[in-house]
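The shown structure was predicted, so the numbers you read here are calculated from the model rather than taken from an experiment. Chain naming here is simple, since letters A, B, ... match the order of the sequence lines and numbering starts at 1 in each.
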There are 2 protein chains.
Amino acid sequence: MAEGPASRAVAELRRRIVMNELTPGTLLTELGLAGDLACSQAAVREALLRLEGEGLVLRSGRQGTTVTDLDADTAAEILDLRRRIELRGARRGARRAGAGDILALRRIQAAMEQAAAAGDAWAVLERDMDLHLALFRLSGLHAMGPILARCILHTHRFRLWAPWHRRPLGETARRHVPILEALEAGDAAALARELAGHLDTMVDRGVAAA
Amino acid sequence: MAEGPASRAVAELRRRIVMNELTPGTLLTELGLAGDLACSQAAVREALLRLEGEGLVLRSGRQGTTVTDLDADTAAEILDLRRRIELRGARRGARRAGAGDILALRRIQAAMEQAAAAGDAWAVLERDMDLHLALFRLSGLHAMGPILARCILHTHRFRLWAPWHRRPLGETARRHVPILEALEAGDAAALARELAGHLDTMVDRGVAAA
DNA sequence: CCTCGATTTATTATCGATATCCAATCGAGG
DNA sequence: CCTCGATTGGATATCGATAATAAATCGAGG
């Protein structure tokens with residue numbers, strides 16, 4: 001999984017930020033992280049460049065790089081955006097799904113359940129992202145994948161930041177089963193419905209929902 | 001404007017790709033570009049990392065990095081996304097615009113007209129991007145700025161790739177005036193209307209529009 | 001003639017050292 | 001006591017060299 005120092009640095013820092021071990025505003029120095037992660041400045045530099053591309057850190061030239069802020073308004077807006085992207089993608093992709101695609105999706109879902117059983121919250125999130133991205137890839141809208149990835153990442157971060165959104169890991173994993181069943185049945189309408197429901201229950205929108 | 005080799009490399013490569021001097025699929029090598037742009041491999045490397053974050057190139061490990069593909073379907077989808085982001089941003093931002101904000105926007109618009117008068121198509125696009133981003137920034141939805149930036153960039157690229165979408169530069173610049181006027185009047189509805197019209201006429205949607 | 005394997009080559013990935021730059025600090029003058 | 005300017009410290013930015021790796025090429029064997 002770890003192909004090199006740079007990849008490891010990206011994965012590790014991304015995990016720390018999304019899991020809120022590194023809180024918003026934290027100042028990161030390239031040389032300092034190089035010490036922590038036991039790699040060279042160049043590797044850390046590449047990692048920070050990538051994380052900036054994902055919106056997790058902000059590099060301000062020679063003043064250093066900081067972990068980006070979070071706010072509820074933007075998080076809600078991003079979730080809406082994500083909802084729209086995934087729904088439109090699902091409607092396009094439902095008909096193109098081959099048996100191989102569905103098998104691959106089921107494998108990811110199984111891996112997610114396995115991670116949930118092991119109590120590895122981060123691995124669950126990674127598999128969740130894999131699954132949603134693989135599903136979206138069926139739409140053929142290649143250039144939008146990274147945009148969706150960014151939205152998913154920020155959704156995850158916000159959910160962990162606002163702890164009242166947390167759910168049992170196993171439940172999170174099992175929630176995806178109906179989505180895959182709708183896809184396998186070739187029912188685009190059901191797929192969109194299940195996916196929409198999944199995204200809508202992802203975040204508690206105030207107490208009124210109860 | 002050019003702060004260093006890396007910044008210059010990013011700007012130059014971005015220009016070449018968006019202006020379609022570098023066509024989709026072109027293979028780029030770090031050392032080769034370093035020769036072209038008269039800088040070190042590290043500078044080119046940073047540039048390519050950033051451009052990958054913008055979706056303009058695809059880095060495939062040791063197999064090299066290529067200019068990303070374009071397709072009309074995705075372009076249409078991205079334009080829709082952009083429309084949605086900008087419209088929601090405008091509705092939020094209309095009330096918060098101060099006199100200083102409007103002055104800054106007018107300055108950018110003036111610079112765009114100047115670039116148009118000079119016949120500098122690329123500068124017009126840069127100012128267009130500046131203007132739309134500055135306008136969106138009024139919404140306070142910080143984390144979405146880079147997503148919008150990406151959408152605008154791809155919209156520009158697609159428009160230049162499909163030459164029938166081109167318009168006289170001066171017209172492009174002047175199109176933004178009503179938007180700023182609506183903003184200055186504090187009329188959120190008019191702002192949304194003008195902005196929507198601007199985005200809708202950006203791309204000819206088939207011959208039916210004639 | 002075709003296939004498989006070793007070799008070569010071209011390219012990225014990584015590192016350590018140096019140059020550059022911004023900002024905070026300290027000191028002198030008013 | 002306050003302000004302004006030089007200084008110093010700490011960080012990024014950049015470079016050149018080296019290591020590692022994957023694709024392409026060439027050659028021998030079948």
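Sorted by first and then second residue, the side chain to side chain donor-acceptor pair (under 3.5 Å) pairs involving residues 107-119 of chain B (not counting sequence neighbours) are B:Q109-B:E113. Identified under the side chain to side chain donor-acceptor pair (under 3.5 Å) test for residues 136-146 of chain A, with sequence neighbours left out: none.
For A:E194, there are no salt bridge (charged side-chain N to carboxylate O under 4.0 Å, His left out) partners two or more places apart in sequence or in a different chain. Every side-chain contact (heavy atoms from CB on, under 4.5 Å) that B:R45 has, sequence neighbours left out, goes to A:E46, B:E30, B:L49, B:R59. The side-chain contact (heavy atoms from CB on, under 4.5 Å) check on A:T74 picks up A:D71, A:I78, B:L141, B:A143, B:M144, with sequence neighbours excluded. Contacts of B:D130 classified as salt bridge (charged side-chain N to carboxylate O under 4.0 Å, His left out), with partners at least two apart in sequence or in another chain: B:R127. Judged as a salt bridge (charged side-chain N to carboxylate O under 4.0 Å, His left out), and not counting sequence neighbours, B:D36 has no contacts.
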Reading nucleotides 9-22 of chain C from the 5' end, what letters show protein touch, with B for base, S for backbone sugar-phosphate only, - for no heavy atom under 4.0 Å? --SBBBB-B--BBS
Can you give the dot-bracket line for DNA chain D, where a pair is Watson-Crick or G-U wobble with both atom distances under 3.5 Å, crossing pairs use [ ], and | marks a partner on another strand? ||||||||||||||||||||||||||||||
